[in-house]
Trainee: 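First, the structure itself, so that you have it in front of you.
Here is how names work: the chains are called A, B, and so on, in the same order as the sequence lines, proteins then strands, and each is numbered from 1. Every heavy atom of this structure was used, including side-chain atoms; hydrogens, water molecules and symmetry mates were not.
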Amino acid sequence: MERGKDERLGGEPGVEVLHLTEDRITFMLNNVDISVANSLRRVMLAEVPTMAIDLVEVKENTSVLHDEFIAHRLGLIPLRSEMAAQFNYARDCTCDDSCPRCSVKFTLDVKCEEAHRRNITSKDLVSEHPDVVPIDADGLGDDLGGIVIVKMGRGQELRIEAIARKGIGKEHAKFNPVGTVAMCADGAIDLNHDALSTLPLDKIYEFVNTPTDDPPGNCPAKVLLYNDISKAIQVNEQAVDEEKARDINFFDKMAYFAEWWNDFNQLKDKTAPELIRIRDRPDRFIYSVESTGVMPPALIAKVAIDVLREKVNQLQREVAKGVEDAMDGHGYAMAM
Amino acid sequence: MEEEPEGAPRETRTLSIDSGSDASKATFTLTHEDHTLGNAVRYILAKNPQVSFVGYSVPHPSEPKMNVRVQTTGVPASDVLLDSLVTLYKVADHIDQTFAAAVDEFKTKSSQRV
Ligand SMILES: [Zn+2]
């Protein structure tokens, strides 16, 4: 048997990266069932370990926000988590309370001496670990230069010691490494050339690229071409590839477009054929994963695949052991 | 350093098997598992020709518990469940190996384009 081959789908699972930026990866997973594809989506959301502030000790707080409010805001600050794999979960660690193997200490010690106001941001947090630090939020929002924790007036003071720990999104959403994980089935565009050839030429041009008054009637991203010489409409496969890498909703938009034109063609004659059909490819899935900034998007996907595999591995060992115990206890395998 | 398994701590995880006298049918109750593995395991079992029935359920969303019910045409239900986990492991392992190569391939391709 080929590695990981799924007999029904008749091929090995494959991965193709469609697009990769600093904060987003778009990739396609081929030859898997939707249940397996969905497992990967769920793991990226809820089971990729990251670091986040989990324990806060307030020494002094004369700001306008009460202690719990600030503790909650600290917890939600994304921390760089590439190193998360090297930390223990606090509950599994051998230490009594916290140690460098399971925790990173943060301190925040600020007093507003400015005449008016001062923003206390994630940049005021001092980490004990060089790699577990608040994400670089420069350029996000207005002129923040950090994630605002609280705004303080003259004379107000905030002194805090906090501990960041490793966790997963299942425990608390602050550990979730992704902004969004969108997943959809890949699509295919089928043109009914016989029916299309009966359209008048102005309608054909409209179908391909002229904007109509009705937005769903406009072809998304010019993925259809009219060849004047062969008098046929073609799908521009390269444009489709670019567009589905750019926009996870591309095939949804195409489906609206198809519905509009099929309705148009069937206005007078309900039995008229469809002009275009958008088909799902249920063995191919496109993922669009946006990182919150705690780790590179490709690493999130990579860790998620590892976690999924190790989950299965662990379950396999437990079931094997559970079955063995059951056989010892009740002679339950004797029935065979 | 040995990698700790992700998810719930191991000591709180339990597996119980309710099978009665006939090993060809059983309900496996797993704690700290949910739809993430449940649906994938169900799918792989449903494709197995030796399986005549399979279903899974998460009885309550706030209770970390999942049931898998398997009935086979004769072989022990636990055998086909273990087989399904081996298959799922191979799928995940294969994706894992393919993924890194796919990222590298994309990076090479896009650096050539520039
Ligand atoms: Zn520790």
Trainee: For the residue pair A/Gly14 and B/Thr98, what are the closest heavy atoms and their distance?
Mentor: CA-CG2, 4.2 Å

Trainee: Would you compute the distance between atom NZ of A/Lys311 and atom CG of B/Leu85 and round it to the nearest 0.5 angstrom?
Mentor: 12.0 Å

Trainee: Enter the distance from A/His19:NE2 to B/Ser110:OG here, rounded to the nearest 0.5 Å.
Mentor: 9.5 Å

Trainee: For A/Ile34, I'd like to know if atom CD1 has over 12 heavy atoms of other residues, nucleotides or ligands within 6.0 Å.
Mentor: no

Trainee: Can you give me the closest heavy-atom contact between B/Ser78 and A/Val323, atom names plus distance?
Mentor: CB-CG2, 3.3 Å

Trainee: Going by heavy atoms in the side chains, are B/Asp34 and A/Arg42 under 4.5 Å from each other?
Mentor: yes

Trainee: Between B/Lys47 and A/Asp33 (salt bridge meaning N to carboxylate O under 4.0 Å), is one present in this structure?
Mentor: no

Trainee: Take atom CD in A/Glu22; do more than 12 heavy atoms of anything else shown fall under 6.0 Å from it?
Mentor: no

Trainee: Is the distance between the ring centroids of B/Phe106 and A/Phe27 under 6.0 Å?
Mentor: no

Trainee: Hey, which of B/Asp96, B/Asn39, B/Leu15 has the most heavy atom pairs under 4.5 Å with chain A?
Mentor: B/Asp96

Trainee: Determine the option with the most heavy-atom pairs under 4.5 angstrom with chain B, choosing from A/Lys302, A/Arg41, A/Lys321, A/Glu16.
Mentor: A/Lys302

Trainee: From B/Leu88 CG over to A/Leu315 CG, what is the distance, rounded to the nearest 0.5 angstrom?
Mentor: 9.0 Å

Trainee: Working to the nearest 0.5 Å, report the span between CZ of B/Arg13 and CD of A/Glu318.
Mentor: 4.0 Å

Trainee: For the residue pair A/Val15 and B/Ala102, what are the closest heavy atoms and their distance?
Mentor: O-CB, 3.4 Å

Trainee: To the nearest 0.5 angstrom, please state how far the CD1 atom of B/Ile95 sits from the CG atom of A/Leu29.
Mentor: 4.5 Å

Trainee: Using heavy-atom distances under 4.5 Å, tell me whether B/Glu105 contacts chain A through its side chain, its backbone, both, or neither.
Mentor: neither

Trainee: Begin with the C-alpha distance, continue with both residues' side-chain angles, and end with the deciding distance and a verdict on side-chain contact (heavy atoms from CB on, under 4.5 Å) for A/Asn38 and B/His35.
Mentor: CA-CA 9 Å; A/Asn38 192 42; B/His35 303 281; 5.8 Å; no

Trainee: Do you know which two heavy atoms are closest between A/Ala298 and B/Phe99, and how far apart they sit?
Mentor: O-CE2, 3.4 Å

Trainee: For a side-chain contact (heavy atoms from CB on, under 4.5 Å) check, start with the C-alpha distance between B/Val91 and A/Arg309, then their side-chain angles and the critical distance, and finish with the verdict.
Mentor: CA-CA 8 Å; B/Val91 170; A/Arg309 186 185 56 186; over 6 Å; no

Trainee: Is there a donor-acceptor contact under 3.5 Å from the side chain of A/Ser39 to the main chain of B/Thr36?
Mentor: yes

Trainee: Let me confirm one number: the CZ-CG distance from A/Arg317 to B/Leu82, rounded to the nearest 0.5 Å.
Mentor: 12.5 Å

Trainee: Quick one: which of A/Leu40, A/Val43, A/Leu18, A/Val48 has the most heavy-atom pairs under 4.5 Å with chain B, could you say?
Mentor: A/Leu18

